[in-house]
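As the structure lists them, so they are numbered: ligands from 1, and atoms in each ligand from 1.
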Amino acid sequence: MLKVVVMVSGGGTNLQAVIDSVKNQTITNTQIVGVISNNKNAYALKRAEENGIPSECISPKNYETREIFNEKLLQAVKAYEPDLIVLAGFLVVIPPAMIGEYKNRMINIHPSLIPSFCGTGYYGLKVHEAALARGVKVVGATVHFVDEGTDTGPIILQKAVEVLQGDTPETLQKRVMEQAEWKILPRAIDLIANGKVTVEGNKTVILP
Ligand code: GAR
């Protein structure tokens with residue numbers, strides 16, 4: 001059974017997609033053992049509570065230095081003894097020690113087709129604003145392993161979504177979530193839980 005910790009900062013719709021997929025067996029061999037938020041007001045925490053999943057807030061605001069926060073965050077994660085960490089809209093820079101500890105065991109959902117519209121400063125609505133400003137006709141989402149860079153780790157799954165005439169950042173964000181993120185994040189977890197994903201250099205191989 002793959003033990004998963006999900007890390008969140010906001011609404012938690014991706015968390016909800018994972019919870020639902022575990023419940024309806026779209027994701028198998030998996031248990032969500034904890035949810036960690038950096039934001040005490042994140043609706044994602046409510047979703048965890050409603051589903052009986054242990055959850056907690058670890059906020060940088062509550063610690064004197066970034067180093068202390070980083071240590072506390074890592075301690076909190078380790079306490080769940082997870083096999084996989086899922087960053088589902090977690091908008092905090094991951095402590096380097098945590099990246100080392102969970103190499104090839106931490107994944108992130110990003111709301112663009114990497115390597116477009118990713119890296120420092122590209123998160124949430126900003127990604128969709130940039131895509132519309134550039135006038136691209138196809139956008140999408142990516143699930144990837146987390147490495148030392150920002151959105152640079154091995155790509156696991158991607159899904160494309162069409163931009164429609166008249167889209168706003170908000171309508172585009174919603175369509176990318178519905179058509180791409182909420183599908184590929186659960187799918188990636190299921191693949192990992194069933195031993196179908198291997199990493200070779202900066203690429204993944206997905207077994208049939
Ligand atoms: C999602 O669109 C996710 O892809 C994005 O934040 C949103 C969180 O929504 N993540 C990033 O931009 C990471 N760079 P949610 O809380 O409803 O799942």
Side-chain angles (χ1 to χ4, degrees), residues 4-22 26-27 32 34-51 53 55-59 73 84-95 98-99 102 106-134 136 138-161 163 167-189:
V4 174
V5 164
V6 183
M7 300 180 71
V8 294
S9 298
T13 62
N14 278 286
L15 167 66
Q16 190 67 56
V18 176
I19 292 172
D20 293 345
S21 301
V22 169
T26 312
I27 299 177
I32 307 171
V35 170
I36 297 176
S37 171
N38 63 305
N39 165 13
K40 69 174 178 6
N41 298 317
Y43 190 69
L45 286 172
K46 210 164 194 80
R47 295 180 192 272
E49 197 186 310
E50 277 168 4
N51 287 279
I53 301 166
S55 62
E56 62 193 290
C57 169
I58 315 268
S59 167
L73 189 65
L84 182 73
I85 298 173
V86 175
L87 307 182
F90 187 64
L91 303 180
V92 168
V93 175
I94 300 298
M98 194 161 134
I99 294 173
Y102 291 97
M106 177 161 34
I107 64 174
N108 178 49
I109 176 85
H110 182 77
S112 79
L113 293 173
I114 290 173
S116 288
F117 308 114
C118 63
T120 308
Y122 287 101
Y123 59 89
L125 260 192
K126 288 178 192 293
V127 175
H128 306 290
E129 286 164 2
L132 288 177
R134 183 62 185 85
V136 295
V138 175
V139 291
T142 302
V143 182
H144 63 91
F145 283 109
V146 175
D147 69 4
E148 296 73 15
T150 306
D151 303 328
T152 53
I155 290 169
I156 304 165
L157 292 176
Q158 295 189 297
K159 191 163 190 294
V161 173
V163 177
D167 261 334
T168 62
E170 289 79 10
T171 60
L172 192 55
Q173 178 182 50
K174 183 166 181 277
R175 189 161 351 93
V176 168
M177 283 178 157
E178 287 170 356
Q179 295 184 5
E181 297 186 44
W182 302 342
K183 294 190 158 68
I184 63 174
L185 184 60
R187 177 88 188 117
I189 296 169

Consider ligand 1: state whether an atom of it lies below 4.0 angstrom from any non-hydrogen atom of Ile109.
yes
- Message: Is there a polar contact between ligand 1 and Asn14, counting only N or O atoms under 3.5 Å apart?
- Response: yes
Compile the donor-acceptor pairs under 3.5 Å between side chains in residues 117-129 and protein atoms, sequence neighbours left out, one pair per line.
none

Is Arg175 reaching over with its side chain to a backbone N or O of Val163, donor-acceptor style, under 3.5 angstrom?
no
Ligand 1 to Glu181, heavy atom cutoff 4.0 Å, flagged ligand atoms 1 (C), 2 (O), 3 (C), 4 (O)
Here the atoms of ligand 1 under 4.0 Å from any heavy atom belonging to Gly124 are 11 (C), 12 (O)
Does ligand 1 have any atom sitting under 4.0 Å from a heavy atom of Gly12? yes
### Under 3.5 Å donor-acceptor, Ser55 side chain and Ala48 backbone
no
One should read off an interatomic distance between Lys183 NZ and Leu157 CG, to the nearest 0.5 angstrom, of 13.5 Å
Note to self: Any donor-acceptor pair under 3.5 Å linking the side-chain atoms of Asp147 with those of Thr152?
What the structure shows: yes
Closest heavy-atom approach to atom 14 (N) of ligand 1 among His110, Met177, Gln173 is made by His110
The side chain to side chain donor-acceptor pair (under 3.5 Å) partners of Gln158 (sequence neighbours excluded) come to Thr142
If you scan protein heavy atoms around atom 11 (C) of ligand 1, the nearest is Pro111 CD, 3.6 Å
Atom 17 (O) of ligand 1: closest protein heavy atom, distance to 0.1 Å, is Thr13 OG1, 2.6 Å
Per-atom filter on ligand 1: closer than 4.0 angstrom to a heavy atom of Gly89 are 6 (O), 8 (C), 10 (N)
Any donor-acceptor pair under 3.5 Å linking the side chain of Thr168 with the backbone of Thr171? yes
query = For Tyr122, is the nearest heavy atom under 4.0 Å from an atom of ligand 1?
reply = yes
